[in-house]
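Structure first, then comments.
No hydrogens, no waters, no symmetry mates; every other heavy atom, side chains included, goes into these values.
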Amino acid sequence: MILHELVSYEVLRVIWWALMGVLLIGYAVTDGFDLGIGTLLPFVARTDIERRTVINTIGPIWEGNQVWLILGGGAIFAAWPQLYAVSFSGFYLAMFAILFAFILRPVAFKFRSKREDPAWRSRWDAVLFMAGLLPSIIFGVAVGNVLQGVPFHIGEDMQIFYEGTFLGLLNPFGLLCGLVSLAMLVMHGAAWLQLKTSGIVAERARRFGIVAAILTVVLYAVAGVVLAHLVNGYVITSNLPTDGVSNPLLKTVSTQADAWFANYAAHPLLWAVPAVGLAGPLLAALCLAGRRPLAALLTGGLGIAGIIGSVGASMFPFILPSSSMPAASLTVWDSSSSHLTLFIMLISAAIFMPIILTYTSWVFTVLRGKVDADDIRKGKGHAY
């Protein structure tokens with residue numbers, strides 16, 4: 001038997017679908033609080049020392065947290081090439097806006113303290129705020145558009161054509177999902193700030209975090225109601241082999257109301273996923289109110305995992321539906337790389353993922369403890 005046949009094509013497809021979700025959750029939970037803190041910067045920090053304190057809570061770790069985003073993009077490119085082609089062409093301007101923010105963020109970290117001029121520092125603080133706010137919203141807008149279906153079609157030669165516009169992404173449901181994303185990342189960032197700072201900065205973060213956590217629950221619930229009643233889902237209406245060739249055009253698809261809730265009806269245990277998405281932020285709000293920041297960070301992260309996981313649970317086996325040509329919709333069963341490619345990637349992931357997790361855990365352990373404003377004021381260490 002050939003080695004890669006030890007794991008069936010069907011199982012490998014499901015594994016990589018799940019791993020893609022894990023990578024997205026990993027990014028949202030780690031770099032998510034970085035983005036939330038950037039968004040909170042003008043509101044929780046009033047003086048230069050307070051702003052430097054906030055910045056130094058993430059200064060040593062934000063670059064490492066972005067590894068999850070790189071891993072996610074690489075996994076999509078290698079495991080789901082058609083998804084990569086559609087998303088990176090269809091969402092090009094949105095991704096360019098995110099990339100622009102991510103390019104400016106390290107520049108702001110490095111250049112902010114190069115001059116004592118308050119106006120100079122204020123401008124870089126505005127850049128850090130933008131670099132937190134913009135990606136937080138756009139990531140959610142992208143998810144909202146995926147749930148509605150993206151306008152693309154596939155020609156007979158398998159060439160993919162995107163038919164939408166950037167402004168078309170800014171539809172009401174997409175923006176609602178953008179607000180869900182913003183609220184949950186601000187909640188997460190506030191929990192991190194309460195954990196890593198003290199005094200007035202921690203107290204402001206606590207207050208904003210409670211509000212953000214409650215807004216996350218409300219907005220997520222509203223998005224669920226809108227999804228159930230106003231957004232049509234997608235259903236495969238023909239036979240589709242789970243171990244067949246990767247050709248999205250070998251099936252028929254229709255749209256219908258409540259289709260994104262069919263998996264929950266068929267498998268009631270899946271309701272636990274959105275339940276975690278609701279319970280996590282609620283618990284985070286209670287923990288923030290009770291000044292238990294570590295518990296708030298963990299429960300908030302669990303809520304983020306539930307919110308993102310509920311999208312996957314609702315859509316399976318769809319990965320990217322097409323609103324203009326439903327039959328061209330990409331699914332787990334017809335848009336993956338080859339059996340051999342997925343197997344080689346799985347071996348690589350089994351080797352390198354534990355290394356990344358171990359290193360990440362070590363970094364967070366070494367850098368545990370609060371950022372001391374007095375140390376920053378006295379110029380101790382290598383503070384930003």
Side-chain angles (χ1 to χ4, degrees), residues 20 23-28 30-39 41 58 62-112 123-154 159-182 184-186 189 308 311 319-324 330 335:
M20 185 171 66
L23 292 173
L24 291 175
I25 291 170
Y27 174 71
T30 54
D31 200 40
F33 62 72
D34 297 339
L35 298 177
I37 287 170
T39 306
L41 180 62
I58 58 173
W62 68 269
E63 289 175 294
N65 291 339
Q66 288 194 156
V67 167
W68 293 96
L69 182 63
I70 297 169
L71 288 173
I76 292 174
F77 173 76
W80 311 100
Q82 292 169 322
L83 172 62
Y84 182 90
V86 177
S87 59
F88 277 70
S89 59
F91 297 155
Y92 179 80
L93 289 178
M95 290 186 176
F96 182 83
I98 292 174
L99 182 61
F100 181 70
F102 284 171
I103 290 172
L104 286 179
R105 180 164 66 165
V107 176
F109 277 123
K110 300 298 183 183
F111 278 76
R112 182 191 184 278
R123 285 193 290 270
W124 287 118
D125 290 339
V127 170
L128 288 172
F129 168 71
M130 179 276 298
L133 178 69
L134 193 62
S136 297
I137 294 175
I138 291 178
F139 283 135
V141 169
V143 172
N145 280 274
V146 168
L147 285 165
Q148 295 175 95
V150 176
F152 70 92
H153 71 272
I154 301 176
Q159 186 174 354
I160 297 173
F161 300 90
Y162 179 74
E163 301 162 342
T165 63
F166 174 73
L167 292 179
L169 299 175
L170 305 179
N171 54 75
F173 183 71
L175 291 173
L176 173 60
C177 292
L179 292 177
V180 174
S181 174
L182 176 63
M184 75 179 188
L185 297 185
V186 167
I308 296 175
V311 176
I319 299 178
L320 187 63
S322 170
S323 58
S324 59
L330 307 181
S335 60

Return the [atom1] to [atom2] distance between [X] and [Y], rounded to the nearest 0.5 Å.
X	Y	atom1	atom2	value
L134	L35	CG	CG	10.0 Å
H153	Q159	NE2	CD	8.5 Å
M20	I319	CE	CD1	5.0 Å
L128	L41	CG	CG	6.0 Å
D34	N65	CG	CG	4.5 Å

Expected output: side-chain S322 to main-chain F152 donor-acceptor under 3.5 Å: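 It does hold such a pair.
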
task: Please check if the side chain of S181 supplies one atom and the backbone of I137 the other of a donor-acceptor pair under 3.5 Å.
output: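 No, S181 side chain to I137 backbone: no donor-acceptor pair under 3.5 Å.
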
So do [Y] and [X] actually touch side chain to side chain, heavy atoms under 4.5 Å?
X	Y	answer
V141	F91	no
W62	I37	no
V107	V127	no
F111	L104	no
Y162	Y92	no
T39	L182	yes
F33	I58	yes

task: Could you tell me which non-hydrogen atom of I160 sits nearest to which non-hydrogen atom of Q82, and how far apart they are?
output: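 Heavy-atom minimum between the residues: CD1-O, 3.9 Å.
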
task: Work out which heavy atom in P135 is nearest to a heavy atom in A101; give both atom names and the distance.
output: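 Closest approach of P135 to A101: CG-CB, 3.9 Å.
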
task: Go through the structure and list residues passing ring pair (Phe, Tyr, Trp, His ring centres under 6.0 Å) with F77, not counting sequence neighbours.
output: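 Counting only residues at least two positions away or on another chain, F77 forms a ring pair (Phe, Tyr, Trp, His ring centres under 6.0 Å) with Y84.
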
Y27 and F139 aromatic ring geometry - parallel, tilted or perpendicular at 30°/60° bounds: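 The arrangement is perpendicular - the two ring planes meet at more than 60°.
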
Contacts table for residues 166-178: side-chain donor-acceptor under 3.5 angstrom, sequence neighbours left out:
unit_1	atom_1	unit_2	atom_2	d
N171	OD1	Q148	NE2	2.8
N171	OD1	F173	N	3.4
N171	OD1	G174	N	2.8
N171	ND2	N145	OD1	2.9
N171	ND2	G168	O	3.1
N171	ND2	L169	O	3.3

